[in-house]
Amino acid sequence: MTLSMKDKILKRFLLASGEPISGQHLADELGISRTAVWKHLQTLQEDGYTFDTIKKKGYLLTNKPDRVDAASIASFLSSDRFGQTIEYFEECASTQTIAHELARNGAKDGTVVIAETQTDGKGRMSRPWESTKGKGIWMTVIIKPDVLPHQAPQFTLVAAVSIVNAIKSLYSNFTPVIKWPNDILINGLKCTGILTEMIAEMDRVQALLIGIGINVNQQRNDFPDTLHSIATSLSIEENKLLNRAELVGTILNYLENYSDLYISEGFSPIKKLWEEASGTIGKQIKATTLTEVIQGKAIGITESGVLEIQLENGEIRSIYSADIEVKE
């Protein structure tokens, strides 16, 4: 992973498990002077990290802010590609827009663009996305799978399965479910949205941009009144503040694993994982497409990831893109 010298020093402290680190040891390990180490520690303190000096032992990290910078995420990564390049911003208009530019200029497979807040975040159909500063995960992952353009929508389902399983591996007080095609819900309330965009030629995908927005540490008063009945956060449901960097790293680990599984074995194993986590299958739903409203029972997804709805008369309709309302 490519890290700045400051982030390399921070990563060492994050992995030190509360043990002090000698300034001289850091200098020798990183090939810099002790003065340079001290200057980087000063910069880290300006970023909100605090250190105590332990006599004859070195520096001890005593407090760290809740950030999703490269060093914080790196300590939770076990991936080979995803997250090995991270472009971090305190604020940007949209991680998706930056990712488009990076992808067109040769960004590596698995490059991540992540921000503490977005001023112009977007969901599906260009709907605005509320990106509360320092409370959520607002990121885009650039992936470069060897697939045809018609396979691109399946990666929204790959991402959904990755996020759900990452959440399940970390938290225990709730069960997230997937609402086809791109939302993750907890007790009927939305906590995550996924936006997949494609850069492609006629016969091949150059890059897929997987935009992921997750409400993590928001509390009720962080949401506008209009969202109280439809949105929640992981923190609200888990009843404690959560480590956002840990969640990012865990999602990237799963996303790499499931993307590779898709490439090696096709959509079938992903389809099985998706159906296990679905909050749509078996429910009565209303699907609003660009041209019509279809109501019926969601009976499954096809091998292409297309939703199938059975109408009252028994007819089965295939839904490629729609807004879905699950009826209780």
* To do: Please check if atom CD in Q42 has more than 12 non-hydrogen atoms from other residues, nucleotides or ligands closer than 6.0 Å.
  => yes
Whether the [X] and [Y] side chains hold a donor-acceptor pair (N or O, under 3.5 Å, no angle test) is what I'd like checked.
X	Y	result
T302	E308	no
S233	Q219	no
Q206	E201	yes
Q84	D80	no

Got a second to check how far [X]'s [atom1] is from [Y]'s [atom2], nearest 0.5 Å?
X	Y	atom1	atom2	value
T95	W138	OG1	CH2	10.5 Å
L227	L189	CG	CG	10.5 Å
L241	N217	CG	CG	5.0 Å
T85	K108	OG1	NZ	5.0 Å
R34	S22	CZ	OG	5.5 Å
I186	C191	CD1	SG	4.0 Å

Is there a donor-acceptor contact under 3.5 Å from the side chain of [X] to the main chain of [Y]?
X	Y	value
R204	D146	no
E256	F82	yes
N253	S78	yes
E116	V68	yes
Q151	L148	yes
Q218	V216	yes
T132	K135	no
D120	A93	no
S235	K240	yes
T50	N63	yes

Suppose we screen for ring pair (Phe, Tyr, Trp, His ring centres under 6.0 Å). Which residues come up paired with [X], at least two apart in sequence or across chains?
X	value
F51	F13
F155	Y262
F89	none
F267	none

* Sole candidate of T175, T232, N215 that passes side-chain hydrogen bond (donor to acceptor under 3.5 Å, both in side chains) when paired with E237 ->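 Considering T175, T232, N215, a side-chain hydrogen bond (donor to acceptor under 3.5 Å, both in side chains) with E237 is found only for T232.
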* Asked: Would you call K8-E29 a salt bridge at under 4.0 Å N-O?
  ->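 So K8 does not pair with E29 through a salt bridge.
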* **For E197, all residues meeting salt bridge (Lys or Arg N to Asp or Glu O under 4.0 Å), sequence neighbours excluded** => none
* Asked: Can you list the residues that meet the salt bridge (Lys or Arg N to Asp or Glu O under 4.0 Å) rule with D260, with sequence neighbours excluded?
  ->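 Here the qualifying residues are R81.
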* Do F76 and L14 touch side chain to side chain, with heavy atoms closer than 4.5 Å? ->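 Heavy-atom side-chain distance check fails, nothing below 4.5 Å.
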* Asked: Going by heavy atoms in the side chains, are D109 and I143 under 4.5 Å from each other?
  ->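 In contact.
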State, to 0.1 Å, how close [X] and [Y] come at their nearest heavy-atom pair, and which atoms those are.
X	Y	result
T289	A322	CG2-CB, 3.9 Å
T250	A166	CG2-CB, 3.7 Å
M198	A152	SD-CB, 3.6 Å
A99	I142	O-CD1, 3.6 Å
R67	D47	NH1-O, 3.9 Å
F223	A231	CE2-CB, 4.2 Å

* Of the options T192, I285, T280, which is the one that meets K179 in a side chain to side chain contact (heavy atoms under 4.5 Å, CB included)? -> T280
